[in-house]
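Report on the structure given below.
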Amino acid sequence: MRQLALALHALAARDPGTDAAVRDWLRRHSPPAGRRTTHTNTIAGAAVLHGPVVQARDIQGGIHFHQPAREDAPRPPVPRQLPPMRRALVDREEDVQALDALRAQRPAQASQLLVVSGFPGIGKTTLASRWLHENASSFPDGQLYADLGGHATEGTTGGPVPAATVLEGFLYALGAPSVPADTAQRIALWRSLTSGLRLAVLLDNAFTAAQVRPLLLGTPTGLTVVTSRNHLTGLLADGAAIHRLGALTPESAVELLTVGGGGGRVAQDPAAAREVVTLCACLPLAVCLAAAQLVLRPHRSVSALAESLSQDQGPLDALRVDGEAVVRSALDMSYGLLPRESATLYRRMGLLPTERYDLFMLTAIGGDGAIGGDGAADGTTRTAGTDAVDMAVGALLEANLLEETSPGIYRFHDLVRPHARRRGDAEESDSRREHVLRRFVDWCLITATKAEEILTPSHRMPTRELPPSPVLPTPLATPAEALTWLDTHRNGLMAAVRHCADAGWHSACWWLVDAMWPLFLRLRPSEMWVEAHHTGLLAARASGSRDGEGRMLASGAIGLRNAGRYEEAADWYVQALEHATSDGDLRQQAQAVNGLGHIELLTSRFDEARAHFEQALRLRESIGYRRGAALSRRRLGETASATGDHRTAARHLTRAHAELESQGEAYEAARALALLGHVLDCDGDHEAGTQRLREALEMFRGPDAQSGHWQGRSLEWLGQAAERQGDVAEARRCYEAAQDLFQRLDPAEAQRLDDRLRQL
């Protein structure tokens, strides 16, 4: 305004005739004296603001937003799980625009749910993942991905993946250090953990609406995209918008054939190229497989490819089954052009009850001279065999028959795996099929045993001697590598357990379950834990192994207990106790008795719990098992504390902490220290109790004993200590910090903390 006034005065000076008019205009448009001009900024419409915002007229200098440091809540890496983007995305502009429009049309406060449906090979996953990659900036809290296995081949991974299994993986990816066993509790934790997060979730290959519904986000800030061969109209009740993906136009299919490998040959014979894509029903998967044939045979004409694709049953008959026969023709063509070693590997992979493959697994099943030769015990032929298999895998990747999901991990497309299995059934003899599956089981067993030695060395049974085998394990050097391998191949390992049971390979069955102990202990797949030990127990009894039966009972009881099935767990502990007593195994007797005590403690039968823990302590001390004795003393301390006998609890916990600390058991020692601090505070020694609780809290934040759950418990106990001392501000700070942790771990615990805060 000031600059405009100066300009008008200058104009009046040059033309005196305008002076009166200028003065009159300025008088009418200038603000009253002493009053500052106000400016109004308006945000309206469908605008959505995230994070700190400054709404102002003029800004000088820099503006910086600083988030307060959260030392008590370390954040995990932001998950980026979307499949990698493909090189070419042909003729999907309208589909992308449709997804953008559907997303924009949803109500501002409604959860965002999109379903991309279409028949097999249409490109649903490619489109959805590409679209989410391009919108990644809208989801800074991460992108999660799960293959729901809606059309998994029967006999591989057992069909569609349960929602509880998917939730377990998602919760750990978002930083939850522990996951409830109950599915309903997992759903509640998932909804609480993702509340307010700008998160994208891709649920691939869904089978039914019921399979998807427990995995839906309950917040308008996130987005869930579901792909399925089915329409999933049941999700309309959940506010879903459904987009049906159709086949490519002939022109776009020809373009895909060109960029996929046809190149100049397509331009030289456009009529033949159009025939090829027509025979492929303009299905992206079929077109890509056809293009791969041109890559593998650079001197082959497109017309020759068209003639080959027109063989078998003919195009009309093939197209009557929604294109699946067209894909089979393309797969047959791809298979027929493979080098001998790659074709052998392809059909043997189809025989395996797994959906994830690595190079060393494939070396095991191909190392009989058909692909590169056997690996020797000293590893002398391992490099040659692995290199040969690597070359065979490379040919499968080039032919689009195999895809690499992560470095060194491969999978078949849903339509390719059954084709490979049919080839294996048709072309491999009964004896060869058994040989391949035996080598797969050997690989599972020997690599799982290696992971067990790294992660839980004290668990390995000296009497569980593996039979001689030329199979070598996948190399594992660190605990992180061992745990990653177990996580990646968990479904294949469980499928191997099932196959051993079906084939009557009883010793291998329970050996494999026993070797999988660190998988159960660290990753806590509760359903798999229980199933594996039920199967392993039957196998151990069928093999006549007393050691195996005892191991399955003791380990399986823990799985049942963690799943909240206390009565079954108690029954297994009783069987384990009877078994160990009959064999005179005092250590196993003590473990079973201690387990029974834990069940009693969890169900508030304190007198029975105390008796069991005292008996376990006597047994463990009699055989010099110091670590076990310390753990029994800690349980005695917990039991005494639960009954209000704080001085007895403090005595047990003080000794348990000292013994565990002297043995380097950082996590267990920290748990004993936190319990001791709480007990001392409850007994009136507030200074000593608070000091020990703070020491334990720092240990739970450190690398050796890190635990979000125990951080929360320690903070809650510190809040109680402050409240007893009348320090309401400190109590509130501790309760709020604990509540923040439990929001990500256990909604029930978070609610309990909310009640404490209201009572303040």
Side-chain angles (χ1 to χ4, degrees), residues 164 178-183 452 456 458-461 463-464 493-494 497-498 500-501 506-507 509-606 608-617 619-620 625 628 631-632 635 638-639:
S178 62
V179 174
D182 181 69
T183 300
E452 178 191 28
T456 54
S458 62
H459 182 265
R460 172 73 188 276
M461 283 183 66
T463 58
R464 197 185 73 212
L493 291 167
M494 190 62 226
V497 170
R498 297 188 190 109
C500 288
H506 301 305
S507 294
C509 181
W510 77 260
W511 284 347
L512 183 54
V513 174
D514 197 47
M516 291 165 61
W517 171 248
L519 165 65
F520 303 128
L521 182 66
R522 297 289 187 93
L523 301 178
R524 305 278 171 163
S526 52
E527 294 88 355
M528 183 186 294
W529 191 335
V530 173
E531 180 193 351
H533 283 81
H534 271 290
T535 305
L537 179 60
L538 294 175
R541 287 171 173 167
S543 70
S545 172
R546 295 285 297 173
D547 287 343
E549 184 177 354
R551 297 278 280 200
M552 293 299 99
L553 286 168
S555 300
I558 300 174
L560 288 165
R561 183 196 71 200
N562 289 344
R565 295 159 63 171
Y566 295 149
E567 290 187 9
E568 290 180 80
D571 178 63
W572 278 48
Y573 276 129
V574 168
Q575 292 183 61
L577 178 58
E578 293 172 350
H579 186 280
T581 302
S582 176
D583 290 348
D585 189 335
L586 295 181
R587 180 160 174 162
Q588 288 296 94
Q589 288 181 45
Q591 182 174 340
V593 170
N594 208 72
L596 286 168
H598 197 184
I599 298 294
E600 304 289 3
L601 178 59
L602 290 171
T603 53
S604 300
R605 293 193 286 267
F606 301 122
E608 294 87 344
R610 184 186 304 106
H612 279 115
F613 291 139
E614 288 174 347
Q615 182 183 357
L617 176 60
L619 287 169
R620 285 171 165 173
Y625 183 24
L631 294 177
S632 292
R635 294 296 187 199
E638 290 182 76
T639 306

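Nothing fancy with the numbering, it's 1 onward along the sequence.
A donor-acceptor pair is defined here as one N or O able to donate and one able to accept, closer than 3.5 Å; such a pair exists between the side chain of R620 and the backbone of G628. In this structure, the side chain of S555 does not engage the main chain of M552 through any donor-acceptor pair within 3.5 Å.
The two residues A181 and E527 make their nearest non-hydrogen contact at O-OE2, 4.4 Å. Nearest heavy-atom pair, L512 versus L493, reported as atom, atom and distance to 0.1 Å: CD2-O, 3.8 Å. Nearest heavy-atom pair, G548 versus A540, reported as atom, atom and distance to 0.1 Å: C-CB, 3.6 Å.
Screening residues 562-595 for ring-ring contact (aromatic ring centres under 6.0 Å, His included), with sequence neighbours left out, gives H534-W572.
Checked against the 6.0 Å centroid threshold, F520 and H533 count as a close aromatic pair.
A heavy-atom distance below 4.5 Å is not found between the side chains of E567 and D571.
A salt bridge links E531 and R498; the closest N-O separation between the charged side-chain nitrogens and carboxylate oxygens is under 4.0 Å.
Remark: T535 OG1 to H506 NE2 distance equals 12.0 Å, nearest 0.5 Å. Note that CZ of R541 is 12.0 Å distant from OG of S545, once rounded to the nearest 0.5 Å. Between the CG atom in D583 and the CD atom in E578 there is a gap of 12.0 Å [rounded to 0.5 Å]. Taken to the nearest 0.5 Å, the CG atom of L560 stands 9.0 Å off from the CD1 atom of I599. S178 contributes atom OG, which lies 10.5 Å from atom CG of N562 (distance to the nearest 0.5 angstrom). Note that the OG1 atom of T581 and the CG atom of L577 stand 4.0 Å from one another [nearest 0.5 Å].
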Q: For R561 and L602, run side chain to side chain contact (heavy atoms under 4.5 Å, CB included): C-alpha distance rounded to whole Å, both residues' side-chain angles, the deciding distance at 0.1 Å, then the answer.
A: CA-CA 10 Å; R561 183 196 71 200; L602 290 171; 4.1 Å; yes

Q: Let me see the working for E614 and L617 under side chain to side chain contact (heavy atoms under 4.5 Å, CB included), right down to the final yes or no.
A: CA-CA 5 Å; E614 288 174 347; L617 176 60; 5.5 Å; no

In a table with atom names and distances, give each donor-acceptor pair under 3.5 Å that connects a side chain of residues 584-592 to protein atoms at least two apart or in another chain.
unit_1	atom_1	unit_2	atom_2	d
D585	OD1	R587	N	3.3
D585	OD1	Q588	N	3.2
R587	NH2	Y625	OH	3.4

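Between L601 and the choices E608, E638, H612, R610, the side chain to side chain contact (heavy atoms under 4.5 Å, CB included) rule is met once, by E638.
Side-chain contact of N594 with S632: a donor-acceptor pair under 3.5 Å is present, judged by distance alone.
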